[in-house]
Amino acid sequence: MAEDFGRYWVAGLIMAVAGGMLNTLTYIIGTWRPEQYPEWLLGILTGAIGITMFILVPWIYGRLVEFIYMRFIARS
């Protein structure tokens, strides 16, 4: 892993950007206060997005690292 650290770093950077975008969207949805929707609906929506991020971000990161390893590292 030490000799191919750059590839893992790029995969981590991509996932950090994707996680940051999801976090920003969660913040925007959580602070948005429309007049026609009740507060509990926004709470459920924000919670669902948070739980989805908690499950999907590590899974996607693992699949991306596995893809990079199988495609570029294990081949050489």
Would Ile60 end up clustered with Phe67 when hydrophobic side chains under 4.5 Å apart are linked, directly or stepwise? yes
ILVMFWY cluster, Trp59 and Ile49 together (side-chain gap under 4.5 Å): yes
Co-membership, hydrophobic cluster, residues Leu56 and Tyr27, 4.5 Å side-chain: no
Would you check if Met21 and Leu25 make a side-chain contact, meaning some heavy-atom pair closer than 4.5 Å? no
